[in-house]
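Okay, structure first, notes after.
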Amino acid sequence: MNVISRKHVAILALSFVFLSACKMTYDSLNLDYTIEESQANVNEGKRLTTVMCGVCHYDQKTGQMTGIHMVDVPPALGKIVSSNITQHKEKGIGNYTDAELAQVIRTGIAKDGKLIPFMQKPNLSDEDLRDIIAFLRSDDPTVQPSDVDPGSTELTGLGKMAIRMEKPTPWNHPISKPSASDTLAFGKYLIDNLACYDCHSKSFAKVDKINIEKSKGFMGGGNKLYNKLGEEVLSPNLTPHITGIKEWSEEDFKKAITKGFNKDNKVISYPMPLYPDLKDHEISAMFIYLKSIDPIKNDI
Amino acid sequence: MITKKNTYVILASFLFLSTQALDIYQSTTPVEKSKDEGKQVFERFACNSCHGNSGEMEGDFSTLKERFTAETLPEYINNPQAYDNKQMPVYDGMISDSEMEDLVAYLFLLGEELNRSDD
(Lines give C-alpha, C1' and ligand atoms only; values in the text may rest on other atoms or scores of the structure.)
Protein backbone atom coordinates (compact mmCIF):
# COMPACT_ATOMS: atom_id res chain seq x y z
CA MET A 1 0.00 0.00 0.00
CA ASN A 2 1.30 3.43 -0.90
CA VAL A 3 2.32 5.75 1.93
CA ILE A 4 0.58 8.58 0.15
CA SER A 5 -3.04 7.59 0.05
CA ARG A 6 -5.79 9.08 -2.08
CA LYS A 7 -6.97 11.02 0.90
CA HIS A 8 -3.54 12.58 1.32
CA VAL A 9 -3.43 13.61 -2.31
CA ALA A 10 -6.85 15.20 -2.01
CA ILE A 11 -5.78 17.14 1.08
CA LEU A 12 -2.57 18.27 -0.61
CA ALA A 13 -4.42 19.39 -3.70
CA LEU A 14 -6.98 21.24 -1.63
CA SER A 15 -4.34 23.03 0.45
CA PHE A 16 -2.58 24.00 -2.75
CA VAL A 17 -5.71 25.54 -4.18
CA PHE A 18 -6.39 27.24 -0.86
CA LEU A 19 -2.85 28.60 -0.53
CA SER A 20 -2.68 29.93 -4.03
CA ALA A 21 -5.90 31.78 -3.39
CA CYS A 22 -4.11 33.59 -0.56
CA LYS A 23 -1.43 35.94 -1.77
CA MET A 24 1.67 37.69 -0.58
CA THR A 25 1.35 40.75 -2.81
CA TYR A 26 -1.59 43.07 -3.50
CA ASP A 27 -2.42 45.97 -5.78
CA SER A 28 -1.94 49.46 -4.47
CA LEU A 29 -5.19 51.15 -3.40
CA ASN A 30 -4.10 54.41 -5.11
CA LEU A 31 -5.51 56.39 -2.23
CA ASP A 32 -6.29 60.04 -2.57
CA TYR A 33 -4.56 61.11 0.61
CA THR A 34 -2.08 63.81 1.59
CA ILE A 35 -1.42 65.12 5.05
CA GLU A 36 -2.22 68.66 6.08
CA GLU A 37 1.29 69.60 7.14
CA SER A 38 0.19 72.89 8.66
CA GLN A 39 -2.09 71.09 11.12
CA ALA A 40 0.35 68.36 12.05
CA ASN A 41 2.06 68.23 15.42
CA VAL A 42 5.55 66.92 14.73
CA ASN A 43 6.49 66.60 18.41
CA GLU A 44 3.44 64.46 19.07
CA GLY A 45 4.33 62.52 15.90
CA LYS A 46 7.77 61.81 17.32
CA ARG A 47 6.31 60.49 20.57
CA LEU A 48 3.77 58.33 18.75
CA THR A 49 6.41 57.00 16.35
CA THR A 50 8.66 56.13 19.29
CA VAL A 51 6.00 54.11 21.09
CA MET A 52 4.21 52.65 18.04
CA CYS A 53 7.00 52.09 15.52
CA GLY A 54 10.29 52.52 17.41
CA VAL A 55 9.96 49.19 19.23
CA CYS A 56 10.49 47.47 15.86
CA HIS A 57 12.30 50.05 13.70
CA TYR A 58 14.67 51.92 16.05
CA ASP A 59 18.23 50.63 16.20
CA GLN A 60 19.95 51.55 19.46
CA LYS A 61 23.34 51.19 17.73
CA THR A 62 22.77 53.66 14.89
CA GLY A 63 20.50 55.89 16.99
CA GLN A 64 18.15 56.04 14.01
CA MET A 65 15.11 54.31 12.55
CA THR A 66 17.32 52.08 10.42
CA GLY A 67 15.57 48.79 11.18
CA ILE A 68 16.55 45.71 13.18
CA HIS A 69 16.58 41.94 13.05
CA MET A 70 13.55 40.93 15.13
CA VAL A 71 14.43 37.90 17.20
CA ASP A 72 11.24 37.56 19.24
CA VAL A 73 9.29 35.68 16.56
CA PRO A 74 9.34 31.89 16.30
CA PRO A 75 12.58 30.93 14.49
CA ALA A 76 10.62 28.37 12.45
CA LEU A 77 9.09 31.27 10.47
CA GLY A 78 12.50 32.47 9.30
CA LYS A 79 14.39 35.70 9.70
CA ILE A 80 12.27 38.83 10.00
CA VAL A 81 14.00 42.18 9.60
CA SER A 82 12.18 45.50 9.91
CA SER A 83 12.90 48.11 7.23
CA ASN A 84 15.05 51.19 7.31
CA ILE A 85 12.36 53.91 7.56
CA THR A 86 14.68 56.92 7.41
CA GLN A 87 14.29 59.34 4.50
CA HIS A 88 16.96 57.64 2.35
CA LYS A 89 15.66 57.26 -1.21
CA GLU A 90 16.90 53.73 -1.88
CA LYS A 91 17.54 52.16 1.52
CA GLY A 92 14.75 53.96 3.35
CA ILE A 93 11.30 55.30 2.59
CA GLY A 94 12.33 58.54 0.85
CA ASN A 95 10.28 57.56 -2.18
CA TYR A 96 7.05 56.78 -0.33
CA THR A 97 4.19 59.24 -0.87
CA ASP A 98 1.87 60.20 2.02
CA ALA A 99 -0.79 57.93 0.52
CA GLU A 100 1.61 54.98 0.33
CA LEU A 101 2.69 55.47 3.94
CA ALA A 102 -0.92 55.72 5.09
CA GLN A 103 -1.69 52.57 3.12
CA VAL A 104 1.13 50.45 4.58
CA ILE A 105 0.33 51.58 8.13
CA ARG A 106 -3.44 50.97 7.97
CA THR A 107 -3.69 48.06 5.53
CA GLY A 108 -0.23 46.44 5.53
CA ILE A 109 0.26 46.81 1.76
CA ALA A 110 3.77 48.20 1.08
CA LYS A 111 4.71 50.46 -1.85
CA ASP A 112 5.83 47.44 -3.87
CA GLY A 113 2.59 45.58 -3.11
CA LYS A 114 4.10 43.21 -0.57
CA LEU A 115 1.86 42.42 2.40
CA ILE A 116 3.52 43.33 5.72
CA PRO A 117 1.22 41.85 8.36
CA PHE A 118 3.38 42.61 11.42
CA MET A 119 2.26 46.16 12.02
CA GLN A 120 -1.22 46.68 10.59
CA LYS A 121 -3.10 49.43 12.39
CA PRO A 122 -6.51 49.61 10.71
CA ASN A 123 -7.94 51.63 13.60
CA LEU A 124 -5.23 54.28 13.85
CA SER A 125 -6.94 57.68 13.89
CA ASP A 126 -6.49 60.27 11.13
CA GLU A 127 -4.95 62.63 13.64
CA ASP A 128 -2.28 60.17 14.82
CA LEU A 129 -1.61 58.93 11.28
CA ARG A 130 -1.04 62.52 10.13
CA ASP A 131 1.32 63.32 13.01
CA ILE A 132 3.35 60.13 12.45
CA ILE A 133 3.74 60.80 8.72
CA ALA A 134 4.66 64.44 9.39
CA PHE A 135 7.32 63.23 11.82
CA LEU A 136 8.75 60.72 9.33
CA ARG A 137 9.16 63.66 6.92
CA SER A 138 10.61 66.04 9.53
CA ASP A 139 14.20 67.16 10.13
CA ASP A 140 14.50 65.03 13.28
CA PRO A 141 17.95 63.33 13.40
CA THR A 142 16.46 59.83 13.89
CA VAL A 143 14.82 59.89 10.42
CA GLN A 144 17.50 61.71 8.37
CA PRO A 145 18.57 59.67 5.32
CA SER A 146 20.78 56.75 6.30
CA ASP A 147 22.06 54.10 3.92
CA VAL A 148 22.31 51.47 6.65
CA ASP A 149 21.00 48.19 5.31
CA PRO A 150 19.49 46.13 8.15
CA GLY A 151 19.33 43.03 5.92
CA SER A 152 16.16 41.57 4.56
CA THR A 153 13.40 39.31 5.66
CA GLU A 154 13.92 35.68 4.65
CA LEU A 155 10.93 33.51 5.38
CA THR A 156 10.95 29.73 5.57
CA GLY A 157 8.22 27.76 3.82
CA LEU A 158 6.27 27.81 7.05
CA GLY A 159 6.81 31.56 7.36
CA LYS A 160 5.50 32.13 3.86
CA MET A 161 2.50 30.00 4.61
CA ALA A 162 1.84 32.03 7.76
CA ILE A 163 1.97 35.29 5.75
CA ARG A 164 -0.33 33.87 3.10
CA MET A 165 -2.91 33.29 5.83
CA GLU A 166 -2.84 37.02 6.60
CA LYS A 167 -4.95 39.57 4.75
CA PRO A 168 -4.67 43.30 4.20
CA THR A 169 -6.82 45.16 6.72
CA PRO A 170 -9.45 47.52 5.31
CA TRP A 171 -8.80 51.19 4.58
CA ASN A 172 -11.23 53.22 6.64
CA HIS A 173 -11.33 56.98 6.48
CA PRO A 174 -12.07 59.13 8.39
CA ILE A 175 -11.29 57.64 11.81
CA SER A 176 -11.53 59.93 14.80
CA LYS A 177 -9.47 59.47 17.94
CA PRO A 178 -11.50 58.79 21.11
CA SER A 179 -11.38 61.69 23.49
CA ALA A 180 -9.24 61.14 26.59
CA SER A 181 -12.28 61.78 28.77
CA ASP A 182 -13.96 58.69 27.31
CA THR A 183 -11.59 56.58 29.39
CA LEU A 184 -12.61 53.08 28.28
CA ALA A 185 -12.62 53.90 24.56
CA PHE A 186 -9.35 55.79 24.90
CA GLY A 187 -7.73 52.93 26.83
CA LYS A 188 -8.88 50.41 24.24
CA TYR A 189 -7.53 52.63 21.44
CA LEU A 190 -4.08 52.51 23.06
CA ILE A 191 -4.11 48.75 23.80
CA ASP A 192 -4.98 48.38 20.11
CA ASN A 193 -2.53 50.79 18.48
CA LEU A 194 0.38 50.04 20.80
CA ALA A 195 -0.22 46.38 19.84
CA CYS A 196 -0.35 45.18 23.45
CA TYR A 197 -3.19 42.85 22.40
CA ASP A 198 -1.07 41.33 19.62
CA CYS A 199 1.54 39.92 22.02
CA HIS A 200 -0.67 39.49 25.09
CA SER A 201 -3.47 37.41 23.53
CA LYS A 202 -3.32 33.67 22.80
CA SER A 203 -1.49 33.66 19.47
CA PHE A 204 -0.38 36.04 16.70
CA ALA A 205 -2.25 33.84 14.23
CA LYS A 206 -5.56 34.23 16.08
CA VAL A 207 -5.82 37.94 16.77
CA ASP A 208 -8.57 40.05 15.26
CA LYS A 209 -6.91 43.27 14.14
CA ILE A 210 -10.18 45.01 13.32
CA ASN A 211 -12.08 44.18 16.47
CA ILE A 212 -9.33 43.39 18.95
CA GLU A 213 -11.72 42.14 21.64
CA LYS A 214 -12.59 39.21 19.36
CA SER A 215 -8.99 37.97 19.43
CA LYS A 216 -8.65 34.45 20.81
CA GLY A 217 -7.84 34.65 24.53
CA PHE A 218 -7.95 38.46 24.39
CA MET A 219 -5.23 39.81 26.73
CA GLY A 220 -5.13 36.46 28.54
CA GLY A 221 -1.47 35.84 27.61
CA GLY A 222 0.21 32.59 26.61
CA ASN A 223 1.52 33.78 23.25
CA LYS A 224 4.86 32.10 22.56
CA LEU A 225 7.68 34.60 22.08
CA TYR A 226 11.46 34.37 22.26
CA ASN A 227 14.06 36.32 24.21
CA LYS A 228 17.52 37.21 22.90
CA LEU A 229 19.00 33.94 24.21
CA GLY A 230 16.52 32.11 22.00
CA GLU A 231 14.54 30.88 25.01
CA GLU A 232 10.77 30.71 24.88
CA VAL A 233 8.92 33.39 26.88
CA LEU A 234 5.14 33.27 27.26
CA SER A 235 3.39 36.61 27.37
CA PRO A 236 1.71 37.19 30.75
CA ASN A 237 -2.04 37.40 31.40
CA LEU A 238 -3.19 41.04 31.66
CA THR A 239 -6.89 40.39 32.31
CA PRO A 240 -8.49 41.23 35.68
CA HIS A 241 -8.25 37.64 36.95
CA ILE A 242 -6.25 36.52 39.96
CA THR A 243 -3.85 34.83 37.49
CA GLY A 244 -3.64 38.17 35.66
CA ILE A 245 -3.51 41.70 37.03
CA LYS A 246 -6.51 41.61 39.35
CA GLU A 247 -4.36 42.45 42.36
CA TRP A 248 -2.27 45.09 40.60
CA SER A 249 -2.51 48.79 41.41
CA GLU A 250 -2.15 51.49 38.78
CA GLU A 251 1.29 52.25 40.24
CA ASP A 252 2.35 48.60 39.76
CA PHE A 253 1.19 48.80 36.16
CA LYS A 254 2.98 52.07 35.49
CA LYS A 255 6.23 50.76 36.99
CA ALA A 256 5.96 47.62 34.85
CA ILE A 257 5.55 49.36 31.51
CA THR A 258 7.85 52.33 32.10
CA LYS A 259 10.62 50.81 34.25
CA GLY A 260 10.52 47.08 33.60
CA PHE A 261 9.71 45.61 37.02
CA ASN A 262 6.50 43.73 37.75
CA LYS A 263 4.35 43.72 40.90
CA ASP A 264 6.77 41.27 42.58
CA ASN A 265 9.77 43.35 41.49
CA LYS A 266 10.81 40.71 39.00
CA VAL A 267 12.61 42.07 35.92
CA ILE A 268 10.43 42.29 32.81
CA SER A 269 12.75 41.67 29.90
CA TYR A 270 12.81 41.58 26.10
CA PRO A 271 10.64 41.21 24.05
CA MET A 272 8.36 43.33 26.24
CA PRO A 273 9.05 46.91 25.13
CA LEU A 274 9.21 49.70 27.70
CA TYR A 275 7.08 52.79 27.23
CA PRO A 276 8.63 55.68 29.19
CA ASP A 277 7.16 58.11 26.65
CA LEU A 278 3.54 57.36 27.50
CA LYS A 279 1.72 60.02 29.50
CA ASP A 280 0.19 59.32 32.90
CA HIS A 281 -3.39 59.75 31.67
CA GLU A 282 -2.72 57.27 28.84
CA ILE A 283 -1.30 54.65 31.21
CA SER A 284 -4.23 55.22 33.54
CA ALA A 285 -6.78 54.78 30.73
CA MET A 286 -5.16 51.53 29.58
CA PHE A 287 -5.19 50.24 33.14
CA ILE A 288 -8.84 51.14 33.70
CA TYR A 289 -9.76 49.54 30.37
CA LEU A 290 -7.86 46.33 31.22
CA LYS A 291 -9.69 46.15 34.55
CA SER A 292 -12.98 46.28 32.63
CA ILE A 293 -12.44 43.41 30.17
CA ASP A 294 -13.50 39.78 30.64
CA PRO A 295 -11.21 37.98 33.09
CA ILE A 296 -9.45 34.88 31.76
CA LYS A 297 -7.97 32.20 33.98
CA ASN A 298 -4.50 31.51 32.63
CA ASP A 299 -1.63 31.00 35.04
CA ILE A 300 1.50 31.76 33.01
CA MET B 1 70.20 7.09 50.85
CA ILE B 2 66.52 6.72 51.46
CA THR B 3 66.09 5.72 55.06
CA LYS B 4 62.85 4.78 56.68
CA LYS B 5 62.83 8.15 58.47
CA ASN B 6 63.33 9.98 55.22
CA THR B 7 60.43 8.11 53.71
CA TYR B 8 58.20 9.21 56.57
CA VAL B 9 59.29 12.80 56.15
CA ILE B 10 58.62 12.67 52.44
CA LEU B 11 55.25 11.01 52.95
CA ALA B 12 54.28 13.52 55.61
CA SER B 13 55.29 16.48 53.46
CA PHE B 14 53.44 15.02 50.59
CA LEU B 15 50.32 14.69 52.67
CA PHE B 16 50.76 18.20 54.02
CA LEU B 17 51.26 19.68 50.56
CA SER B 18 48.30 17.94 49.07
CA THR B 19 45.96 19.20 51.79
CA GLN B 20 47.39 22.68 51.16
CA ALA B 21 46.76 22.26 47.46
CA LEU B 22 43.22 21.13 48.14
CA ASP B 23 42.68 24.14 50.37
CA ILE B 24 43.78 26.50 47.64
CA TYR B 25 41.58 24.66 45.21
CA GLN B 26 38.52 24.90 47.41
CA SER B 27 38.73 28.36 48.93
CA THR B 28 38.65 30.64 45.91
CA THR B 29 40.64 33.85 45.84
CA PRO B 30 38.75 37.08 46.58
CA VAL B 31 38.74 37.96 42.86
CA GLU B 32 37.07 34.70 41.92
CA LYS B 33 34.59 35.02 44.75
CA SER B 34 33.36 38.40 43.59
CA LYS B 35 33.34 37.09 40.02
CA ASP B 36 30.93 34.36 41.08
CA GLU B 37 28.79 36.84 42.91
CA GLY B 38 28.87 39.29 40.02
CA LYS B 39 27.74 36.52 37.69
CA GLN B 40 24.87 35.68 40.02
CA VAL B 41 23.71 39.30 40.12
CA PHE B 42 24.04 39.49 36.31
CA GLU B 43 21.71 36.51 35.97
CA ARG B 44 19.33 37.31 38.85
CA PHE B 45 18.53 40.69 37.29
CA ALA B 46 18.20 39.13 33.81
CA CYS B 47 21.05 41.21 32.33
CA ASN B 48 22.06 38.09 30.41
CA SER B 49 18.63 37.90 28.73
CA CYS B 50 19.56 40.94 26.62
CA HIS B 51 23.35 41.09 26.86
CA GLY B 52 24.07 37.40 26.38
CA ASN B 53 25.76 35.13 28.93
CA SER B 54 29.18 36.55 28.05
CA GLY B 55 28.02 40.13 27.51
CA GLU B 56 28.44 39.68 23.78
CA MET B 57 25.00 40.90 22.66
CA GLU B 58 23.56 44.41 23.29
CA GLY B 59 26.07 47.27 23.50
CA ASP B 60 29.84 46.89 23.48
CA PHE B 61 31.13 45.61 26.79
CA SER B 62 34.68 45.31 25.42
CA THR B 63 35.05 49.10 25.53
CA LEU B 64 33.17 49.72 28.80
CA LYS B 65 36.40 50.47 30.66
CA GLU B 66 37.28 53.22 28.21
CA ARG B 67 33.91 54.90 28.66
CA PHE B 68 32.93 54.25 32.26
CA THR B 69 34.51 54.07 35.72
CA ALA B 70 33.35 52.02 38.71
CA GLU B 71 31.56 55.20 39.83
CA THR B 72 29.81 56.11 36.58
CA LEU B 73 28.74 52.64 35.44
CA PRO B 74 26.17 52.25 38.26
CA GLU B 75 24.64 55.56 37.15
CA TYR B 76 24.01 54.07 33.72
CA ILE B 77 22.52 50.85 35.12
CA ASN B 78 20.30 52.75 37.54
CA ASN B 79 18.97 55.10 34.92
CA PRO B 80 19.62 54.01 31.32
CA GLN B 81 16.84 56.34 30.12
CA ALA B 82 19.11 59.29 30.95
CA TYR B 83 21.53 57.82 28.36
CA ASP B 84 18.86 57.60 25.68
CA ASN B 85 18.43 53.88 26.22
CA LYS B 86 14.70 53.20 26.52
CA GLN B 87 14.91 49.44 26.16
CA MET B 88 16.74 48.50 29.33
CA PRO B 89 14.93 48.23 32.69
CA VAL B 90 15.48 51.07 35.16
CA TYR B 91 17.32 49.31 37.99
CA ASP B 92 17.33 52.29 40.37
CA GLY B 93 16.57 51.09 43.92
CA MET B 94 16.54 47.42 42.90
CA ILE B 95 20.24 46.52 43.21
CA SER B 96 21.97 46.94 46.60
CA ASP B 97 25.34 48.72 46.90
CA SER B 98 27.28 45.51 47.49
CA GLU B 99 25.51 43.71 44.62
CA MET B 100 26.29 46.69 42.39
CA GLU B 101 29.98 46.52 43.33
CA ASP B 102 30.18 42.85 42.35
CA LEU B 103 28.14 43.48 39.21
CA VAL B 104 30.32 46.34 37.98
CA ALA B 105 33.52 44.35 38.57
CA TYR B 106 31.96 41.48 36.66
CA LEU B 107 30.97 43.70 33.70
CA PHE B 108 34.54 44.98 33.39
CA LEU B 109 35.77 41.40 33.57
CA LEU B 110 33.39 40.32 30.81
CA GLY B 111 34.77 43.20 28.74
CA GLU B 112 38.35 41.97 29.28
CA GLU B 113 37.35 38.44 28.34
CA LEU B 114 35.67 39.70 25.16
CA ASN B 115 38.86 41.58 24.26
CA ARG B 116 40.95 38.48 24.87
CA SER B 117 38.74 36.29 22.68
CA ASP B 118 38.92 38.96 19.95
CA ASP B 119 42.65 38.57 19.32
Side-chain angles (χ1 to χ4, degrees), chain A residues 46-65 68-72 82 140-142 194 225-236 251-252 254-279, chain B residues 37-64 66-68 73-100 102-104 106-107 110-111 113-114 117-118:
Chain A
K46 179 176 174 119
R47 195 178 71 89
L48 293 170
T49 306
T50 304
V51 293
M52 288 184 190
C53 323
V55 295
C56 292
H57 287 280
Y58 182 74
D59 184 349
Q60 192 77 42
K61 277 186 216 78
T62 63
Q64 285 195 289
M65 294 279 185
I68 47 171
H69 178 191
M70 308 197 342
V71 296
D72 59 326
S82 67
D140 190 89
T142 61
L194 295 170
L225 296 152
Y226 292 83
N227 71 12
K228 298 207 170 176
L229 299 174
E231 298 161 345
E232 204 175 279
V233 189
L234 296 178
S235 64
E251 275 310 303
D252 294 332
K254 182 177 174 190
K255 181 178 70 179
I257 69 175
T258 59
K259 300 200 160 164
F261 284 87
N262 76 6
K263 184 174 165 50
D264 309 320
N265 278 340
K266 191 180 145 268
V267 181
I268 302 170
S269 184
Y270 181 90
M272 167 68 193
L274 293 183
Y275 300 93
D277 293 295
L278 289 178
K279 295 179 176 158
Chain B
E37 273 158 22
K39 183 169 191 281
Q40 277 171 27
V41 180
F42 192 70
E43 286 167 5
R44 183 153 14 101
F45 288 98
C47 316
N48 60 332
S49 71
C50 291
H51 290 286
N53 288 322
S54 321
E56 75 283 11
M57 290 162 72
E58 288 292 354
D60 182 7
F61 281 11
S62 72
T63 58
L64 277 186
E66 294 154 28
R67 294 178 290 129
F68 294 95
L73 197 50
E75 288 168 17
Y76 186 104
I77 298 167
N78 283 330
N79 192 8
Q81 288 171 4
Y83 296 77
D84 227 12
N85 175 354
K86 294 177 179 171
Q87 295 171 28
M88 176 165 148
V90 177
Y91 286 97
D92 195 16
M94 298 292 173
I95 304 178
S96 73
D97 288 350
S98 76
E99 285 172 327
M100 186 60 92
D102 292 335
L103 178 62
V104 164
Y106 184 65
L107 295 177
L110 285 178
E113 281 170 7
L114 285 173
S117 61
D118 269 355

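Reminder, nothing fancy here: chain letters follow the sequence lines and each chain counts from 1.
Residues satisfying the ring pair (Phe, Tyr, Trp, His ring centres under 6.0 Å) criterion with A:Y58, sequence neighbours excluded, are absent altogether. For the ring pair (Phe, Tyr, Trp, His ring centres under 6.0 Å) test, no residue two or more places apart in sequence or in another chain qualifies with A:Y226.
Using a 4.5 Å cut-off between heavy atoms, A:T258 contacts chain B through its backbone alone, with no side-chain atom that close. For B:D60, no part lies under 4.5 angstrom from a heavy atom of chain A.
The OH atom of A:Y270 lies 13.5 Å from the NE2 atom of B:H51; values are rounded to the nearest 0.5 Å.
Using a 4.5 Å cut-off between non-hydrogen atoms, the part of residues 227-234 of chain A that approaches chain B consists of A:N227, A:K228, A:L229. Among the residues in residues 82-91 of chain B, those with a non-hydrogen atom closer than 4.5 angstrom to a non-hydrogen atom of chain A are B:D84, B:N85, B:K86, B:Q87, B:M88, B:P89, B:V90, B:Y91.
When the shell of 6.0 Å around NZ of A:K263 is examined, it contains more than 12 heavy atoms from other residues, nucleotides or ligands.
Between chain B and the options A:K259, A:M272, A:K255, A:K61, heavy-atom pairs under 4.5 Å are most frequent for A:K259. Top candidate by heavy-atom pairs under 4.5 Å with chain B, chosen from A:I268, A:N265, A:V71, A:V55, is A:N265.
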